[in-house]
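These notes are about the structure you will find just below.
Below, read A as the first sequence line, B as the second, and so on, with proteins coming before strands; counting in each chain starts at 1. All values below come from the heavy atoms of this structure, side chains included, with hydrogens, waters and symmetry mates left out.
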Amino acid sequence: MTVEVNPEAVAALSTATQDRQAYLTHLLAQRPNPKGLEDMRQSALSIVQERGLPSNRDEDWRFTDLSGLYKTAFTAPTAASLSLEEIAPLILAEAPVRLVFVNGWFAPDLSAIDHLPTGLSISTLADAGNLPELGQQPGLSEVFTALNTASFADVAVLRIAKNQVIEAPIHLLYLTTGDTPIITSPRGLVVAEANSAATLIEEYAAVKAASYFTNAVTEVNLGQNAQLHHHRIQRDAKTAFHIGTTSVSQDRDSRYALTSLSLGGQMSRHNPVVVPTAEQTDTTLNGLTLAVDQQVADTHSDLSFTGPHCTAQQLHKCIVDNRARAVFNGRVFVPKLAQQTNASQLSRNLLLSAKARVDTKPQLEIIADDVKCAHGATVSQLDDEEVFYLQSRGLDRNSACDLLVEGFAAEIIDQLPIAEQRQTLLNAVLSQIR
Amino acid sequence: MIIDNSDVILSVRNLTADVDGTPILKGLNLEIKAGEIHAIMGPNGSGKSTFSKVLAGHPAYTVTGGEVIYKGQNLLELEPEERSRSGVFLAFQYPLEIPGVSNLDFLRVSFNSKRQHEGLEELDAFDFDDLVRERLDVVKMDPAFLDRSVNEGFSGGEKKRNEILQMALLEPTLAILDETDSGLDIDALKIVANGVNQLAKPENATLMITHYQRLLDYIVPDFVHVMAEGKILTTGGKELAQELEAKGYDWVKAEDVAEVAV
């Protein structure tokens, strides 16, 4: 058999590969290089160099074009200061513990950590000391995740001590500011020891920022019977790029619930990676993506069971308008060991314009033979009959459409713990689709 | 009730309408005055539900001829929401489920859109809550239904009761009940009928569309119209419904043919 090879195609391909290689070298040169954790950084660096940056020839990036990202020469983050007044709209009165990072560095002046509840301890890179859990969660060899490990300037470490319940939500706020297109690498680690419980609001936002690239990683380590309600709100600037991984390991009997909102970024990607490492865990993954104008918003979740008697529920919703595009890929892996798994996944998508597009792909890999696993996907427009029903009750057409979209979004947004923030975000969603 | 010299609420003359180019209404005439309760009966496919949708302004139906005058104004040129705000209410045969929107919020938005139209101040959440709890009694509805999504997971009877609750809040001048009795067991039917009777007043009117005479035992009509082939074939008092029940719709059709033959 002879295989004909088009030499021009090969040349074009290798040029593209070389371009990405050069771009990666450029990104690596922008690392702030703080002291400490040399071994971890070196091994992450090797992973990044070995893997290289992906293109849409990689299955994981088939639907999401990174060429816009690769065209921007992001520069090293620069320390910047903001005033409490400037961040006032982002402050949540009902979350008394607040950690603020600006352009990747901890900002003590903007944070509120003086009166920590019993059982909660907080540290950053400067005072972290030994961090045995850092860099140990699943999925960290993914290339952008490893790039974060090789690059992060600072880290937020939250530790909830054994048997302690932290009542009020903890607010972790990553801000980007400034006119230059910087790359930041926010990094967080949450360790919930056995029988502890907490609620975390992790939020990404811009304060007077141009185009920038947020490459974020948050690791969560749940001990036996621990519980975390994790709310991740990505509302970066619409000119920004955002790639983020939430990497979670769950010990036996632990409960993890994620509510993920993706609103900002011209291109955004979120990878929730959850591995229950033992039996009888419970996992909830809920997501809402809003993509308007030319936005591309991608969610790739990966839930891999390793033990029996675990349960999981996933609901991912996308609202897509104008020429925007949303992507959802939900992998659920149930190996032979994971008998008696009870898992469900639902992807629901609302397209508000003829040019809007969604690519949704459930990916269930089930090897165990005694499990209950359900999945489904719906793609729809606003239902004319529903609009008419509301009109027949006195709502004009626009208000009727708003109410229907609000209902669609509220199912996810209502899971956020603070009413004020729910209203802000619901309004933000509605203002984008009007 | 029939009241001498009461105002004409609805006047329909020679109305014709299409859906997707297929004629459904073929010259319908009807006049309804304040205080009256009318029933339109007829076999499946006679155009009864189309007529109710046309009155409410459903976009899938195209009016091709005739006129509909509601309280002296041309109803057909109003948007569906304008019809609602000016007092036309359609209780749906199949009320829609609106996930994520709480019944209470939906009722408040709907109620306030009418208040606004009438130049009245909107009721805030607290005042509206008091009002809605009082009106729940009209259809014996559990307050727990207020916190659930609109019609989501409601049984058939609960959906119909929710329609009458909306009617109790909006206090329409012309209430059109499209097969509100279908799919109801006798207890639910009594509750719904009792609600409608409480809301019937000398200054408003009710138009019931039904397939079954059973409903008319509980809501007694002043006029019964028999519809077939997109027209009203014959009109009579409540005894016409009993005759229909006994003889079936074919009897009316045969009468009609006989009339034409003469």
Side-chain angles (χ1 to χ4, degrees), chain A residues 259 261 286-290 313 315-319 346-350 352 376-416 419-420 422-423 425-427 429-430 433, chain B residues 52-61 78-103 105-118 122 147-152 159 162-163 165-167 169-172 175-176 178:
Chain A
T259 312
L261 266 60
N286 288 322
L288 175 70
T289 294
L290 173 72
Q313 314 79 43
L315 172 63
H316 189 81
K317 291 184 139 186
C318 297
I319 301 171
L346 182 60
S347 156
R348 293 195 61 201
N349 305 282
L350 184 58
L352 297 176
T378 64
V379 179
S380 64
Q381 297 165 306
L382 284 181
D383 183 341
D384 286 340
E385 292 296 328
E386 290 177 11
V387 173
F388 174 66
Y389 185 56
L390 296 177
Q391 281 184 285
S392 80
R393 297 299 180 256
L395 282 75
D396 62 48
R397 201 182 152 77
N398 286 341
S399 311
C401 293
D402 277 3
L403 192 64
L404 292 173
V405 172
E406 190 179 322
F408 187 87
E411 194 178 1
I412 304 297
I413 291 179
D414 279 352
Q415 293 165 10
L416 299 177
E420 182 193 353
R422 286 197 294 270
Q423 199 55 52
L425 293 168
L426 202 51
N427 291 344
V429 168
L430 291 177
I433 55 139
Chain B
S52 68
K53 295 263 176 64
V54 166
L55 291 178
H58 194 292
Y61 301 87
L78 300 180
E79 293 295 323
E81 64 272 22
E82 295 168 328
R83 299 181 194 200
S84 167
R85 292 172 197 162
S86 59
V88 176
F89 179 87
L90 171 64
F92 279 53
Q93 181 179 1
Y94 303 110
L96 282 99
E97 299 188 4
I98 316 278
V101 177
S102 92
N103 209 18
D105 287 345
F106 165 63
L107 293 169
R108 191 177 63 240
V109 172
S110 173
F111 179 78
N112 278 332
S113 70
K114 186 166 188 225
R115 296 270 297 184
Q116 204 180 23
H117 176 78
E118 289 167 347
E122 296 186 12
D147 296 325
R148 288 169 55 179
S149 290
V150 179
N151 293 329
E152 196 182 36
K159 284 181 183 173
N162 204 27
E163 293 290 285
L165 172 63
Q166 292 164 33
M167 183 174 148
L169 284 164
L170 295 175
E171 301 182 306
I176 306 157
D178 187 6

Worksheet item: With respect to chain A, which residue among E97(B), Q166(B), H117(B) yields the maximal number of heavy-atom pairs within a distance under 4.5 Å?
Response: Q166(B)
Discussion item. Which one wins on heavy-atom pair count under 4.5 Å against chain A: V101(B), V150(B), V109(B), L170(B)?
Written reply: V101(B)
Item to complete: Any chance you could lay out the side chain to side chain contact (heavy atoms under 4.5 Å, CB included) test for R83(B) and Q391(A), step after step, and finish with the verdict?
Response: CA-CA 9 Å; R83(B) 299 181 194 200; Q391(A) 281 184 285; over 6 Å; no
Please find the pair of heavy atoms, one from [X] and one from [Y], that lie closest to each other, and give the distance.
{"X": "S84(B)", "Y": "G394(A)", "answer": "OG-N, 3.1 Å"}
{"X": "G100(B)", "Y": "A410(A)", "answer": "O-CB, 4.1 Å"}
{"X": "P80(B)", "Y": "F388(A)", "answer": "CB-CE1, 4.0 Å"}

Practice prompt. Can you establish whether the number of heavy atoms outside E122(B) located under 6.0 Å from its atom CD is more than 12?
Written response: yes
Worksheet item: Which of the residues E411(A), R397(A), E385(A) is involved in the greatest number of heavy-atom pairs with chain B at under 4.5 angstrom?
Response: E385(A)
Discussion item. Counting heavy-atom pairs under 4.5 Å with chain B, which one of R393(A), E386(A), E406(A) comes out on top?
Written reply: R393(A)
Hey, what do you get for [atom1] ([X]) to [atom2] ([Y]), rounding to the nearest 0.5 Å?
{"X": "E81(B)", "Y": "N398(A)", "atom1": "CD", "atom2": "CG", "result": "9.5 Å"}
{"X": "K114(B)", "Y": "L395(A)", "atom1": "NZ", "atom2": "CG", "result": "14.5 Å"}
{"X": "L390(A)", "Y": "I98(B)", "atom1": "CG", "atom2": "CD1", "result": "4.5 Å"}

Worksheet item: Parallel, tilted or perpendicular: which fits the ring planes of F106(B) and Y389(A), with parallel below 30° and perpendicular above 60°?
Response: parallel
Worksheet item: Given a strict heavy-atom distance threshold of 4.5 Å, which part of E82(B) is in contact with chain A: side chain, backbone, both, or neither?
Response: neither
Discussion item. Less than 4.5 Å to any heavy atom of chain A: does that hold for the side chain of E163(B), its backbone, both, or neither?
Written reply: side chain
